[in-house]
Amino acid sequence: MVLKMNINNIHDFNLNQENDFLTIQTKLKKHINLVNSISKDALQTCAGVDLAYWEEDGEAFGVCSIIVLDFHTKRVIEKVHSAGKIAVPYIAGFLAFRELPLIIKAAKKLTIEPDVFLFDGNGYLHFNHMGIATHAAFFLEKPTIGIAKTYLKIKQTDFVMPDNNFGAYTDIVIGGEVYGRAVRTRQDVKPIFLSCGHLIDLDSSYDIAMSLVNRESRLPIPIRLTDLETHTLRAYYRENQKLIE
DNA sequence: GCGACAG
DNA sequence: ATCTTGTCGC
């Protein structure tokens, strides 16, 4: 997969400066496009993206997995991954800066260009509308969807708990604007927090995410599979640490 | 000092 | 995210 934006752009500023992070976010968010309606019939492939971490000699390492599925058969058609040292600490609101280097490194190995990417984390549901799903789309140049397992409170606004049945949801409205959606993907489980990433609208994101849920997990299949995959890869790299770098 | 805090 | 055993329930 060819990536237009150069990864080196990510390293052109001081990695631990939150002000620099904010500057980047503010610059990119002006270009967010949330008006594309994407029909499921037009989709051929979808991908999940996730990372796992571990420590070695006091240093942080991570592995990123991207798994591509045929959207309709749900069969895996490609798996790629990347592993390496993690340079940026986790700071709520700036997750993308920590995870993007490995995500881009893995994405470059894709031979298929997925029609849509699902991320483990927020997209537009973010105080600066620049969660990892949104931010990553500027590199991938493909529609992205954010799927978070827990709620990130913005401007002291809580979400309204959706009804306890499959598909029930409540929109997360902050200051009169819809940021995302709390979605009950299965009965008797906690809701997930869905939001647009970029290049797709919220209703399409919801339809796609819901059609990718089965009885295995409350999370869409691509996210679930990459989560399992990163744990497997981590176990491997922990035993073969020298294969990294 | 205390609580909050996507992953 | 990660560290971790058992355990309640379908």
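- A/Phe119 comes within contact range of no nucleotide atom at all, as no heavy-atom separation falls under 4.0 Å.
- To the nearest angstrom, P of B/dA6 lies 18 Å from CG of A/Leu100.
- Atom name C1', nucleotides C/dT2 and B/dC5: the rounded distance is 15 Å, in whole Å.
- Within the 4.0 Å cut-off from OP1 or OP2 of B/dG7, at least one side-chain nitrogen or oxygen of A/Lys149 is found.
- Ring centers of A/Phe193 and A/Phe159: under 6.0 Å apart, within the cut-off.
- For A/Leu95, the listed nucleotide lying nearest its side chain is B/dA6; candidates were B/dC5, B/dA6, C/dT2.
- Following rounding to the nearest Å, A/Leu102 (CG) and C/dA1 (P) show an atom-to-atom distance of 16 Å.
- If you take CD1 of A/Ile154 and P of B/dA4, they are 17 Å apart, rounded to a whole angstrom.
- Salt-bridge check for A/Arg224 with A/Glu216: failed, with every basic side-chain N at 4.0 Å or more from each acidic carboxylate O.
- Counting any heavy atom pair closer than 4.0 Å across all strands shown, A/His231 reaches sugar-phosphate atoms only and no base atom.
- Put simply, NZ on A/Lys190 is 13 Å from C1' on B/dA6, counting in whole angstrom units.
- At the phosphate of B/dG7, OP1 or OP2 sits under 4.0 Å from a side-chain N or O atom of A/Thr150.
- Comparing the P positions of C/dG6 and B/dG1 gives a spacing of 39 Å, expressed to the nearest Å.
- Counting non-hydrogen atoms under 4.0 angstrom, A/Leu51 reaches nothing in the nucleic acid.
- With no hydrogens or angles considered, no side-chain donor-acceptor pair links A/His81 and A/Tyr236 at under 3.5 Å.
- Distances were taken from every side-chain heavy atom of A/Ala92 (C-beta onward) to each of B/dC5, C/dC3, B/dG7; the shortest belongs to B/dC5.
- In this structure, NE2 of A/His126 is placed 14 Å from P of B/dC5, rounded to the nearest angstrom.
- In this pair, A/Tyr179 and A/His129 present their aromatic rings tilted. The plane angle is within the 30 to 60° band.
- Looking at heavy-atom distances under 4.0 Å, A/Gly146 makes no contact with the nucleic acid at all.
- Ring geometry, A/Phe97 versus A/His135: the interplanar angle exceeds 60°, so the pair is classed perpendicular (tilted spans 30 to 60°).
- Here the P atom of nucleotide B/dC5 and the CZ atom of A/Phe21 are 21 Å apart, to the nearest Å.
- In this structure, A/Asp120 reaches the sugar-phosphate backbone alone: every heavy-atom distance under 4.0 Å involves primed, P, OP1 or OP2 atoms, never a base.
- Checked for salt-bridge contact, A/Asp203 and A/Arg181 meet the test: a charged N lies under 4.0 Å from a carboxylate O.
- As judged by a 4.0 angstrom heavy-atom cut-off over every strand, A/Arg186 is placed among residues making no nucleic acid contact.
- Applying the 5.5 angstrom centroid cut-off and the 30 degree plane-angle cut-off, the aromatic ring of A/Tyr90 is stacked upon the base of B/dG7.
- Whole-Å rounding puts the A/Ile192 CD1 to B/dG7 P distance at 11 Å.
- Whole-Å rounding puts the A/Met130 CE to B/dG7 C1' distance at 17 Å.
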